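Letters A, B, ... are given to chains in the order of the sequence lines, protein chains preceding strands, and every chain is numbered from 1. Values in this document were obtained by computation on a predicted structure and should not be read as measured data.
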2 protein chains.
Amino acid sequence: MRSPQELTERFRSEGLKVTPQRQLLFSLLHNNTEHPTAEALYSTASEQMPGISLRTVYQTLSDLTSMGELGQVSIDNGPARFDPNITDHHHAVCDICGAIFDIHVDGTAKLATDIDSGFTPSSMSIVYHGSCASCVAA
Amino acid sequence: MRSPQELTERFRSEGLKVTPQRQLLFSLLHNNTEHPTAEALYSTASEQMPGISLRTVYQTLSDLTSMGELGQVSIDNGPARFDPNITDHHHAVCDICGAIFDIHVDGTAKLATDIDSGFTPSSMSIVYHGSCASCVAA
DNA sequence: GTGCTAATCTGCAACTCGTGCGAACAAACA
DNA sequence: TGTTTGTTCGCACGAGTTGCAGATTAGCAC
Ligand SMILES: [Mn+2]
Ligand SMILES: [Mn+2]
Ligand SMILES: [Zn+2]
Ligand SMILES: [Zn+2]
């Protein structure tokens with residue numbers, strides 16, 4: 001996701017308003033690698049801006065997502081996790097604490113699949129499940 | 001998933017009862033490659049057994065899942081899809097019609113990842129998104 | 001076949017996550 | 001400072017799933 005400053009410019013240039021609520025979310029998401037849920041962002045945002053509405057958090061996240069500034073990851077059937085990292089990458093999920101880690105995977109082009117030749121793939125994603133370092137240690 | 005006959009034996013041998021509702025679901029799932037949702041199974045089941053409860057469908061699916069006889073696939077944030085194919089395989093999803101296809105992928109062991117050395121992976125899954133043959137044709 | 005009992009089924013309430021809606025509000029700009 | 005939209009907020013609602021408890025029934029003993 002771009003920086004709060006760049007997002008501010010983009011919003012204004014598209015006739016969208018830059019509100020304090022949006023600015024707060026821009027800053028909470030910037031460089032955030034935690035893949036937070038809407039509820040988690042709402043909780044953090046509420047500390048800095050009591051009274052902000054959960055509805056507004058959902059609204060802003062969905063705006064950023066449809067603008068292509070924010071990614072979304074869904075793991076199992078849990079709540080949506082938002083991902084400011086929109087570069088090409090994959091994920092490793094700790095089944096114990098639920099943490100999600102960004103990973104890069106090389107060699108995917110060389111994978112051999114029996115996928116039907118009539119199927120036209122447009123993207124692929126890989127998710128590893130397992131236990132993270134801190135959970136293994138504990 | 002094992003055959004209705006084998007499941008019947010397993011259920012009885014574990015002190016579980018073999019009811020008409022369970023038998024019907026065993027047969028609806030056997031060799032089913034559609035990755036159906038609970039609602040879809042309920043709908044089909046209702047034709048053959050009017051009055052069967054959606055709650056019972058959920059209950060039986062979750063029993064089979066925790067017995068390891070049935071798999072579960074989650075795609076984006078849609079409803080859970082159930083998968084009688086519990087062999088090692090991956091999926092291709094048509095973004096137009098929503099169909100899910102089983103695929104096999106070779107070479108996954110050779111993938112190079114920057115996954116943290118402290119992370120202990122126990123499984124990985126690959127999902128391709130794209131357009132299926134019938135949707136491309138249409 | 002009858003009866004017993006624990007497992008199951010069913011209907012409904014409740015719960016989680018998310019969206020639709022409309023009135024109150026405020027950013028942008030003249 | 002006023003006007004115009006876009007935005008925020010609160011609440012109702014919707015999908016998907018689970019908890020609960022009373023009615024039902026499979027499995028088994030006699
Ligand atoms: Mn990520
Ligand atoms: Mn499958
Ligand atoms: Zn962990
Ligand atoms: Zn299709």
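- Residue B/Tyr58 places none of its side-chain N or O atoms closer than 4.0 Å to OP1 or OP2 of D/dT18.
- Contact annotation for A/Gly78: no contact, since no heavy-atom pair falls under 4.0 Å across all strands.
- Between the C1' atom of C/dC29 and the CG atom of A/Leu16 lies a distance of 16 Å, rounded to the nearest Å.
- For the pairing with A/Tyr42, the side-chain contact (heavy atoms from CB on, under 4.5 Å) check across A/Thr37, A/Leu61, A/Val57, A/Thr56 returns one residue only, A/Val57.
- Here side chain to side chain donor-acceptor pair (under 3.5 Å) pairs that include residues 23-35 of chain B, with residues two or more places apart or in two chains, are B/His35-B/Asp83, B/His35-B/His91, B/His35-B/Asp102.
- Contact annotation: B/Gln21 side-chain N/O to C/dT10 OP1/OP2 distance is under 4.0 Å.
- The side chain of A/Arg22 lies closest to D/dT7 when the candidates are D/dC9, D/dT7, C/dT10.
- Remark: P of C/dT19 and CD of A/Gln72 are 8 Å apart, rounded to the nearest angstrom.
- Residues meeting the salt bridge (charged side-chain N to carboxylate O under 4.0 Å, His left out) test with A/Arg81, sequence neighbours left out: none.
- Salt-bridge formation is not detected for the pair B/Arg2/B/Glu9: no Lys NZ or Arg NE/NH1/NH2 atom is positioned less than 4.0 Å from an Asp or Glu carboxylate oxygen.
- B/Leu25 places its CG atom 14 Å from the P atom of C/dT8, with the value rounded to the nearest Å.
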Scan nucleotides 25-27 of chain C against the protein and return all N/O pairs shorter than 3.5 Å with their distances rounded to 0.1 Å.
| residue | atom | partner | partner atom | Å |
| --- | --- | --- | --- | --- |
| C/dA27 | N3 | A/Lys17 | NZ | 2.9 |

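- If you take CD of A/Gln59 and P of D/dC11, they are 18 Å apart, rounded to a whole angstrom.
- Under the 3.5 Å distance criterion, the side-chain polar atoms of B/Glu14 are left unmatched by any main-chain donor or acceptor of B/Phe11.
- For the pair B/Ile126 and B/His90, the tightest heavy-atom approach, listed with the atom from each and the gap, is N-ND1, 2.9 Å.
- The distance between atom CG of A/Asp76 and atom C1' of C/dT16, rounded to the nearest whole Å, is 16 Å.
- Of the side-chain N and O atoms in B/Ser53, none sit less than 4.0 angstrom from OP1 or OP2 of C/dC9.
- Of the two residues contacting DNA chain D, namely A/Thr60 and A/Asn77, the nearest-nucleotide position lying further toward the 5' end is that of A/Thr60.
- Looking at heavy-atom distances under 4.0 Å, A/Leu54 makes no contact with the nucleic acid at all.
- Computed from coordinates, the B/Tyr42 OH to D/dG16 P distance equals 14 Å when rounded to whole Å.
- Here the side chain of B/Pro79 is nearest to one of C/dC9, C/dC17, D/dT17, namely D/dT17.
- The CD-P distance, from B/Glu14 to C/dT8, rounds to 11 Å in whole Å.
- The separation between A/Gln23 atom CD and D/dT8 atom P is 11 Å, rounded to whole Å.
- In terms of polar N and O atoms assigned as donor or acceptor, the side chain of B/Arg55 comes within less than 3.5 Å of the base of D/dG19 in a complementary pairing.
- Donor-acceptor pairing under 3.5 Å is recorded for the side chains of A/Glu6 and A/Ser3.
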